[in-house]
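Below: the structure, in structure tokens.
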2 protein chains.
Amino acid sequence: MALLVQKYGGTSVGTIERIHRVAERVAQSHRAGDQVVVVLSAMSGETDRLIKLAHEASATPDDREMDMLLSTGERVTVALLAMDLRSRGLNARSYTGRQVGIITNSVHTKARIARVSADRLREALAKGIIPVVAGFQGINEQSDVTTLGRGGSDLSAVALAAALKADRCVIFTDVDGVYTSDPNVVPAARRIDKISYEEMLEMASLGAKVLQARSVEFAAKFNVPVEVNSSFKEGKGTLVTREDADMEAVAVAGVTGDRNQAKITMVGVPDKPGIAAKIFGPVAQANINVDMIIQNVSQDALTDLSFTVPRADLRAATPLLQAVANDVGARSVAITEAIAKVSLIGVGMRSHSGVAAKMFEVLSREGVNIMMISTSEIKISCVIAEKYLELAMRSLHTAFGLDRVVQGEQSAK
Amino acid sequence: MALLVQKYGGTSVGTIERIHRVAERVAQSHRAGDQVVVVLSAMSGETDRLIKLAHEASATPDDREMDMLLSTGERVTVALLAMDLRSRGLNARSYTGRQVGIITNSVHTKARIARVSADRLREALAKGIIPVVAGFQGINEQSDVTTLGRGGSDLSAVALAAALKADRCVIFTDVDGVYTSDPNVVPAARRIDKISYEEMLEMASLGAKVLQARSVEFAAKFNVPVEVNSSFKEGKGTLVTREDADMEAVAVAGVTGDRNQAKITMVGVPDKPGIAAKIFGPVAQANINVDMIIQNVSQDALTDLSFTVPRADLRAATPLLQAVANDVGARSVAITEAIAKVSLIGVGMRSHSGVAAKMFEVLSREGVNIMMISTSEIKISCVIAEKYLELAMRSLHTAFGLDRVVQGEQSAK
């Protein structure tokens, strides 16, 4: 008998029909002899409906009141699922974030979990109850309702799994796992059976939107095995877990692409100490997130400084950077929007040498020029022209042996 | 500076536009120097929407889960109003039933208030905060959400007013007060300035749906002055308060009519001890509420027994009563649906004699036959043929001097 925390997202509980399907799945796990704790999001669309009402009520809705408002969405779904389960003869009970003891700080709309008592959950499980818990929410020390930010229900599930020392936290979503690459770009991408927390974090922050990044950090900290699986079909998912020997055997676990970047180059910057601070101070103050930074070799005491920012911030950054350029005596500011970032991720890089060299070689063979490079212990990223992103991702995916073996898959069907 | 509890019903907060109007009214009271505690219902229609979802989720939704579900409606409106008030520069804060310490028993969907701490409300008021409280809800000793039944927000408001020793509890609704009779039936009906708790209770239970009956009982018990007023126009309302000399000076405060009754007569019942128990035992067991009972003078050891039941229960009662009639050896069962009950209500009846006699005389003069009569200390009710109800109500209203003085009203405009 295993103790499972099962989290279902907004699309999985978006209609009564889908709630029935979730109930059927929970009942199955229960019949199979597992103890189940269910964590739910609000019905898809409900949070947006409430946010719209809030903006009609006030041009700048107060954050504490926003949390009071938004926390209702999950209460509706947990009550409905508990009703459904009970009418199937199962002893289910709904609980709010408060009732299961999720205590957060007071940063409304993006609160951080301070501690989880889970006492009432333990009691409920001991009595054979199937607890159905409202995700996304907690209370602060003043007993006010707080919410954990978009995707916060993943975090609720992982935090409860950690507190209960659950055997596994299963995140049911609209995809059946984490893929070696985005299947929309790389058709040969395949589902990964097992991935480390670190790799998952890099995947998450690079645009694979399967799991909220903070919930992965939390899972890593408390060593909670997290499974990502589909709520719409039966089958294996991806297990996110502690790094093991299997994972290190593979140099590259996944290839990601990110089109949401733009490149800015300050041309002809006088190469003097303190110049970087003068440039990046104002940018940071404007809350613009700089990703990569590259400084060219200095010629005639002048240098070129290139960096990337989220494309959405470009409009805000441009006038600011023109001013900064004047200030530091740079010759000009060049902006390139049509760039993309292709990255290889894998804990195996630590022990496999030559991954970077092979990446550059593959890109060069395909005629893709590399504008910028950045590396970490388990990741290599290259900025390239956007038009080459698909080509680069597919070529790297094949070159590093990630392509799905079509023959094997067919025979397995 | 007065301390006011203001309660706004579902129609008053049914749209964002109407929530803006409520905010304006609250702001007005605040500017006038009063301390205001606001209690809100859910947006009109929202409770029905949620109940519909519940019945889609389960044929027989669990009561505890129903409370979890329904309690979200008021949380939405309090958050929205608090946002609105804050964007007007007022320090408003929303609170749930739990947060203001409304503790109830565990009878889900119709819980009774056990106690109200209101500590957090007192603190909030001391800090100059305008509290906006979710009506209709509390928590039980297990910290589970409970609801107080339809119309329960009135009760929340009165209970908080009692706990805070507020100067007044104002119930804003879609009518501007309590009337001497139903204005749809008696056009000359006029708004009553002041009415006693007892009279209000009789009016409420006889069909004047302005105030939930339990909230009137609660107000009487803790002597909370309750004002019923319109949320859509400015002006005086009706004050429900302790009986005083003014009220006793008037013999009749109001005339009510009730069409929701049916009359059942058991003809030729053997007049033996224990016969009434044999008849009304099964009726009570079937949860059918008997109102008036009349037993005729016995002739030849046979008697006729008439009683009234809610018309909605007639279908359930009929086969049951046929069986009972056979059992006790009654000759037949006669059912009359087209009856109505007309009542006079007034604490002045205690000191004014002849009210009943005058009532009978008025009805007789209009040719209205009286089928049944029942009296209490402050009420006389007659069952008559339904077709005479309007005639009876108008004639009695005029005869007891309740008609609006049209001249005076016009000159006051």
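Everything quoted here is computed from the prediction, not taken from an experiment. Naming: A, B, ... by sequence-line order, numbering from 1 per chain. Side-chain atoms are counted along with the backbone in the values below, which use heavy atoms only and exclude waters and symmetry mates.
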Working to the nearest 0.5 Å, report the span between [atom1] of [X] and [atom2] of [Y].
X: Ile129(B); Y: Arg120(B); atom1: CD1; atom2: CZ; result: 8.5 Å
X: Leu40(A); Y: Arg75(A); atom1: CG; atom2: CZ; result: 13.5 Å
X: Phe222(A); Y: Cys169(A); atom1: CZ; atom2: SG; result: 13.5 Å
X: Ser231(A); Y: Asp176(A); atom1: OG; atom2: CG; result: 10.5 Å

Any residues in [range] near chain A, with a heavy-atom distance under 4.5 Å, and which are they?
range: residues 2-31 of chain B; value: Ile16(B), His20(B)
range: residues 80-109 of chain B; value: Leu80(B), Ala82(B), Met83(B), Asp84(B), Arg86(B), Ser87(B), Ala92(B), Arg93(B), Ser94(B), Tyr95(B), Thr96(B), Arg98(B), Gln99(B)
range: residues 42-74 of chain B; value: Met43(B), Glu46(B), Arg49(B), Leu50(B), Leu53(B), Ala54(B), Glu56(B), Ala57(B), Ser58(B), Pro61(B), Asp62(B), Arg64(B), Glu65(B), Met66(B), Met68(B), Leu69(B), Thr72(B)

Which residues in residues 138-168 of chain A have any heavy atom closer than 4.5 Å to a heavy atom of chain B?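 Those residues of residues 138-168 of chain A which have a heavy atom under 4.5 Å from chain B are Ile139(A), Gln142(A), Ser143(A), Asp144(A), Val145(A).
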Work out which heavy atom in Leu125(B) is nearest to a heavy atom in Pro131(B); give both atom names and the distance.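 Shortest heavy-atom separation between Leu125(B) and Pro131(B) comes out as CD2-CD, 3.9 Å.
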